[in-house]
Amino acid sequence: MSVKVNNLKSCIDQFDRAAELLGLDENLKTSLKMPDRELSVEVPLRKDDGTIESFQGFRVQHNNSRGPFKGGIRYHHEVDLDEVRSLAALMTWKTALVDIPYGGGKGGIAIDPSGYSERELERLSRRFFRGIDPVIGPNKDIPAPDVNTNAQVMAWFMDEYGQLHGHTPGIVTGKPIDLGGSLGREAATGKGTAITVRETASKFGVDLEGATVAIQGFGNVGSYAGKFLGEMGCKLIAASDVHGGLHEPDGFDTKALFDYAYENRMIKGCGQGKAITNEELLALKVDFLIPAALGGVIHKMNVNDIKCKFVIEAANSPTTPPASEELFQKGIHVVPDILTNAGGVTVSYFEWVQNLQQFRWEEDEVNEKLERKMVKAFQEVASLSDEKKISLRSAAYMVAIDRVAQAFLLRGV
Ligand code: NAD
């Protein structure tokens, strides 16, 4: 269903387009594209049966002009240096766009974790963290969860770092609440996505009450987005996960669907809707189509099937840049990932601030601050897009790149 996208090329093309519009100096462009540091480490693992396997792990630090590097750690068999490079750059632009004092980084291990026990994954995680220890720190580089890593992995990371350097909860975000995680972090990316839909509706004059929505990927991001959009009055008419989709033209009971998915980690068997495929879901005529699963799901082969009014990119890179341009030409607006899903890293930043202050905020306070950050970023992007008559994606990249370029020049070389 998704196509293998050269994310690094897409990322560079996107950067070049926005840098051109900004009129950036060639040498500055080269410097901002190049990662500051790339670390590749061997991660040996003693398996439960006593044998040893070795994996490749990476940490790429793209740019820290605006603050410490920040970004997740992914465990996936397709992880390679190019993928990590592109995701690290995406983090630089995302953190700049929501104006939080971070740069961009990313890491990962090339492993399919499903074939390993919990104890094996703990040993692997600790060993990897020791491998990247020389380049991380609460004021240097702050990892977080990503695909196939979670709060438990962050707890092991925090513990490993603490054994070497003393108790330092600010070394990672996305931790369990009991170890200094932030209230509101679990729901933050879905909440940010719902806020983005609401702001898009308001900008383009769409009535949110009864507006139709389809969500591909009803995991953490998609399910929370669906729940909050239901509370805002939207009609969720289709949802899917890796096992397939469900279509309910009269609208799901979003709370019941959320509760079922939260408990069962799938939507199949929830007792609502009729089965559809993921491809059919993407082609539904809805107001808001929210890809919230994988990268590269809207591409040149299926872009002509897309019939929604707006694509809200909750996943990272779900629309290839040429497909996104084609949608824009057809009058279908794509709200880019670096804006839509920035709620996650924003609340990760709040978690880090709370850890540094050694003080916990109430959930309402976290949500109010998230709301303000998302709305401000949306308005900046929307007004630049109107002023220059460019896509929301190009506008978002222009705002972000301009901020990083200013910080880079102010610091001096
Ligand atoms: P998740 O693992 O909780 O959920 C992913 C969902 O996608 C699951 O429902 C899964 O079944 C579904 N899925 C997987 N393969 C699929 C396929 N082939 N077809 C249809 N559905 C499929 O992950 P998540 O945390 O919700 O992340 C979703 C996306 O959002 C990812 O692209 C991630 O990089 C991005 N993202 C997440 C966060 C965050 O805070 N969680 C922040 C920024 C970006």
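In listed order, ligands and their atoms are each counted from 1. In what follows, residues are counted from 1 in the order of the sequence shown. The figures here come from the full heavy-atom set of this structure, side chains too, leaving out hydrogens, waters and symmetry mates.
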(message) Please state which option from P145, A314, A188, A144 has its nearest heavy atom closest to atom 35 (C) of ligand 1.
(response) A314

(message) Suppose I only count heavy atoms of G219 and a 4.0 Å limit; which atoms of ligand 1 are within that range?
(response) 3 (O), 4 (O), 6 (C), 8 (C), 9 (O), 26 (O)

(message) For atom 39 (C) of ligand 1, tell me which residue out of L281, I267, T189 has the closest non-hydrogen atom.
(response) T189

(request) Take every heavy atom of H243, measure it against each atom of ligand 1, and state whether any distance is under 4.0 Å. (result) no

(message) Under 4.0 Å, heavy-atom basis, I'd like to know which part of L294 is in contact with ligand 1: side chain, backbone, both or neither.
(response) side chain

(request) Indicate yes or no: does an N/O atom of A315 lie under 3.5 Å from an N/O atom of ligand 1? (result) no

(message) Distance to the ring centre below 6.0 angstrom and angle to the axis at most 45 degrees; does that hold for K70 and W352?
(response) no

(message) Going by the closest heavy atom to atom 27 (O) of ligand 1, which one wins out of T340, V221, I338?
(response) V221

(message) In terms of relative ring orientation, are F129 and Y161 parallel, tilted or perpendicular, with 30° and 60° separating the classes?
(response) perpendicular

(message) If you count heavy atoms of other groups shown closer than 6.0 angstrom to NZ of K285, is the number above 12?
(response) no

(message) Any nitrogen or oxygen of A292 lying under 3.5 Å from a nitrogen or oxygen in ligand 1? Just yes or no.
(response) no

(request) Keeping to residues at least two apart or across chains, list the ring-ring contact (aromatic ring centres under 6.0 Å, His included) pairs with something in residues 132-154. (result) none

(request) May I ask you to check whether K94 has an N/O atom sitting below 3.5 Å from an N/O atom of ligand 1? (result) no

(request) May I ask you to decide if the ring planes of Y349 and Y102 are parallel, tilted or perpendicular, using 30° and 60° as cut-offs? (result) perpendicular

(message) Are any of the N/O atoms on N220, whether in the backbone or the side chain, positioned under 3.5 angstrom from an N/O atom of ligand 1?
(response) yes

(message) Under a 4.0 angstrom heavy-atom cut-off, which atoms of ligand 1 come close to N341?
(response) 43 (C), 44 (C)

(message) Measuring only between side-chain heavy atoms, which start at C-beta, is L236 closer than 4.5 Å to L229?
(response) no

(request) Decide whether a cation-pi geometry holds between K227 and F258; the criteria are a distance under 6.0 Å from NZ or CZ to the six-membered ring centre and an angle within 45° of the ring axis. (result) yes

(request) Compute both the distance and the angle, then confirm whether R265 meets the cation-pi test with Y262: under 6.0 Å from the six-membered ring centre, within 45 degrees of the axis. (result) yes

(request) Could you check D112, D146, D80 and say which one makes a salt bridge (Lys or Arg N to Asp or Glu O under 4.0 Å) with R74? (result) D146

(request) Please could you name the atoms of ligand 1 that R185 approaches to less than 4.0 Å, counting only its heavy atoms? (result) 40 (O)

(message) Regarding atom 19 (N) of ligand 1: of the candidates L87, T193, N150, N278, which has the closest heavy atom?
(response) N278

